Amino acid sequence: MAALGRLGVDALEVRRVAELERCDGLIIPGGESTVMQRLAEAYDLFEPIRDAIRAGLPVFGTCAGLIMLADRIQEGIVGQRTFGGLDVTVRRNAFGNQLDSFEADLAFRGIDGPVHAAFIRGPVIQEVGSGVEILSQLHDGRIVGVRQGQLLGISFHPEVTGEDRIHRLFLDMVTSR
Ligand code: GLN
């Protein structure tokens, strides 16, 4: 919300279907994907979000949000499901636990100069389908940023390092739709 405020966006937090229906785009932030699933189910938001993604709503998923967008996950808990939409396989907690968090400078397609990224128990993108564009990789080749149509997904948190350019990229996706 703070990043969107810095970019001058009229943003709202989505907890109800009526709020979802007001949105031109949706950002699913970091956090904990299993909790997001449970809350989305409890608030009757799971199917509406899944359906909105299928209908072409632009959605940006960061970290746990990327997990929620992935069609396939590894290391999920029993019964874990995602909204899906991105033809990728992600591996949860691929970098280890909270203490293994790290920051890195990344090249990111469409953005000039390095993106400073914070990785906090993030997922790695293990496999991508043929329609998925790879936007960013770590130096060892692991994929940490992808786009497929109206969906944008990254493994890390740009907002905690004050990096707003990926959010800006997403806004361009929303406004050029
Ligand atoms: N490990 C979390 C999950 O599986 C994601 C962590 C994060 O979003 N920073 O959902």
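Keep in mind the model is a prediction, meaning the values are calculated, not measured. Counting starts at 1 for both ligands and their atoms, in listed order.
- With Gln37 contributing its side chain and Arg81 its backbone, the two residues share a donor-acceptor pair below 3.5 Å.
- More than 12 heavy atoms of other residues, nucleotides or ligands shown are found within 6.0 angstrom of CG on Asp172.
- For the salt bridge (charged side-chain N to carboxylate O under 4.0 Å, His left out) test, no residue two or more places apart in sequence or in another chain qualifies with Arg16.
- For Phe102, the ring pair (Phe, Tyr, Trp, His ring centres under 6.0 Å) partners two or more places apart in sequence, or in a different chain, are Phe95, Phe119.
- Protein residues with a heavy atom under 4.0 Å from ligand 1 are Gly30, Gly31, Glu32, Ser33, Cys63, Ala64, Ile67, Arg92, Asn93, Ile120, Arg121, His157.
- Judged by distance alone, with hydrogens and angles left aside, the side-chain atoms of Thr62 form no donor-acceptor pair with the main-chain N or O of His157 at under 3.5 Å.
- Counting only residues at least two apart or in different chains, side chain to side chain donor-acceptor pair (under 3.5 Å) contacts with residues 103-118 comprise Glu103-His116, Asp105-His116, Arg109-Glu133.
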